[in-house]
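Worksheet: one structure, shown below.
Below, chain A is the first sequence line, B the second, and so on; all start at residue 1. Source: prediction; values computed, not measured.
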Protein chains: 2
Amino acid sequence: MDKQTEQKKVFLEIVQQLRQLIRMEKIQAGEKLPSERVLSERLGVGRSSVREALRSLELLGLIETRHGGGTFLASTHKHQLVEVLSMFILEDEKSKKDVELTRQIHEKEAIRVISCTEILRTLPVWDSFFVKLEIEGTVNCRDVLREIIITSGNRLSLKIWFQLAAYDGDRLNRNSTEDEKLILQTMLKSMQLGYEKEALRAYEQWMGTGQTF
Amino acid sequence: MDKQTEQKKVFLEIVQQLRQLIRMEKIQAGEKLPSERVLSERLGVGRSSVREALRSLELLGLIETRHGGGTFLASTHKHQLVEVLSMFILEDEKSKKDVELTRQIHEKEAIRVISCTEILRTLPVWDSFFVKLEIEGTVNCRDVLREIIITSGNRLSLKIWFQLAAYDGDRLNRNSTEDEKLILQTMLKSMQLGYEKEALRAYEQWMGTGQTF
DNA sequence: TATCAAAAGTGGTCTGACCACTTTTTAGCA
DNA sequence: TGCTAAAAAGTGGTCAGACCACTTTTGATA
């Protein structure tokens with residue numbers, strides 16, 4: 001039947017078997033995987049084949065390996081994926097702009113989804129951000145965006161966003177300035193009230209003013 | 001200085017060296033890379049290490065390997081990345097919906113960008129699609145969307161889209177039906193004229209009617 | 001009990017070997 | 001000469017074993 005698809009790529013089968021093993025053993029994020037030698041024995045393949053599969057998963061950021069320590073299911077989201085991709089595909093200065101724009105695509109869509117969904121836009125978390133801005137005068141930019149992406153409910157979009165946000169580094173992980181306070185409050189309040197266009201306008205303003213280019 | 005970052009991951013250095021080699025040799029997409037044995041000799045590392053790096057790049061879809069044939073720089077975009085990611089992260093039926101929604105996020109943004117940019121929205125390619133619909137009555141859905149994404153100019157977004165489109169498989173790679181003709185013409189014409197909202201509305205209609213769920 | 005050295009465990013890498021498959025070369029035939 | 005088929009070379013796929021560097025565990029000693 002689909003032999004043509006299934007036949008090849010034994011190395012990909014190992015990846016799949018690894019996943020199955022992880023589910024069976026109920027290995028949680030951050031926990032240790034069996035050693036390469038044990039895996040090679042249990043899966044009935046050579047250690048080098050196991051390593052090829054593990055290296056691939058490592059490059060994707062799905063596992064972490066510690067020399068002499070073992071292999072662990074990734075807990076933190078420090079994916080090298082974007083870095084590697086950009087190393088190969090995006091080379092010039094435009095790359096960074098592309099990463100930023102792509103990240104913002106997902107953020108804008110999340111804001112749209114939340115604004116249009118009553119259950120999502122009336123969550124208490126938005127009010128907590130709003131109040132925090134009122135009292136403390138600042139919030140962590142990355143935290144706000146992450147919450148927005150998470151709430152939107154698209155887990156693949158979330159995955160992509162994490163990778164792009166990791167690429168942008170600390171430029172995103174900062175406290176909002178005094179100038180951004182009003183903009184952020186406008187964005188949050190508009191989102192809560194379901195004013196999609198107003199929320200997006202505030203977002204655009206935020207992204208335009210908050211960073212220097 | 002940054003020894004801590006640079007010190008480890010010899011395996012990642014190989015990935016970088018591979019890229020350098022590709023640039024030096026000016027290897028184009030679809031062309032052949034040196035054999036594993038040659039690479040191992042030229043890079044001064046063991047063949048197994050070279051293979052670990054190559055397998056990772058293969059999983060990312062950056063290279064293709066043919067048993068007995070050789071290793072080639074990827075030409076077609078048949079990336080297994082999303083598949084592998086979803087295999088690990090997205091497990092239920094919602095996954096497919098997430099992939100589709102995420103793909104549409106990038107398509108909608110591309111339509112926005114094109115509609116708002118005179119140089120892009122007045123390209124002759126849109127008229128060619130319009131005319132083709134008029135005369136032949138149908139166009140390839142994937143071709144239209146790909147052209148839209150490419151034109152938008154965000155190469156990272158393009159890369160992601162290709163992966164997502166590959167995941168959706170042949171459901172996207174089909175000719176438009178009679179019912180879609182008017183919708184597509186509306187979308188294209190609105191985009192050409194810079195009517196962003198009208199173009200998006202047509203797009204939403206297209207995506208809503210064109211597929212069965 | 002506390003300390004620290006030895007042992008065991010683990011990932012990192014290299015080498016060599018063999019297999020399966022593809023491409024190239026060569027030898028033989030028409 | 002020209003074509004075909006067999007042989008050879010090239011290449012990826014996989015495995016086994018060895019050694020190193022590093023971490024964790026163990027156990028003996030003070």
Hits for side-chain hydrogen bond (donor to acceptor under 3.5 Å, both in side chains) against B:Ser35, two or more places apart or cross-chain, chain-then-number order -> none

List in chain and number order the residues that pass salt bridge (Lys or Arg N to Asp or Glu O under 4.0 Å) with A:Lys32, two or more places apart in sequence or in another chain; answer none if no residue qualifies. none

Check DNA chain D against residues 41-52 of chain A and give the residues with a non-hydrogen atom under 4.0 Å, in numerical order. A:Gly44, A:Val45, A:Gly46, A:Arg47, A:Ser48, A:Ser49

Hits for side-chain hydrogen bond (donor to acceptor under 3.5 Å, both in side chains) against A:Thr177, two or more places apart or cross-chain, chain-then-number order -> A:Glu180

Begin from the C-alpha positions of A:Cys141 and A:Arg174 and carry the test side chain to side chain contact (heavy atoms under 4.5 Å, CB included) through to its verdict. CA-CA 6 Å; A:Cys141 296; A:Arg174 58 178 178 81; 3.6 Å; yes

Atom CZ of B:Phe72 to atom C1' of C:dC21: distance rounded to whole Å? 13 Å

Using a cutoff of under 3.5 Å, can you pull out all pairs of nitrogen or oxygen atoms linking the protein to nucleotides 8-10 of chain C, with atom names and distances?
residue, atom, partner, partner atom, Å
C:dG9, N2, A:Gly68, O, 3.0

Quick check on side chain to side chain donor-acceptor pair (under 3.5 Å): which of B:His106, B:Glu100, B:Glu107 does B:Arg103 satisfy it with? B:Glu107

Is atom CD of A:Gln20 surrounded by more than 12 heavy atoms (other residues, nucleotides or ligands) closer than 6.0 Å? no

Atom-pair distance (CD on A:Glu64; P on C:dG11), nearest Å: 14 Å

Across all chains, not counting sequence neighbours, the side-chain hydrogen bond (donor to acceptor under 3.5 Å, both in side chains) partners of A:Thr138 are A:Ser176

Verify the neighbour count for atom CD of A:Glu41: are there more than 12 heavy atoms of other residues, nucleotides or ligands below 6.0 Å? no

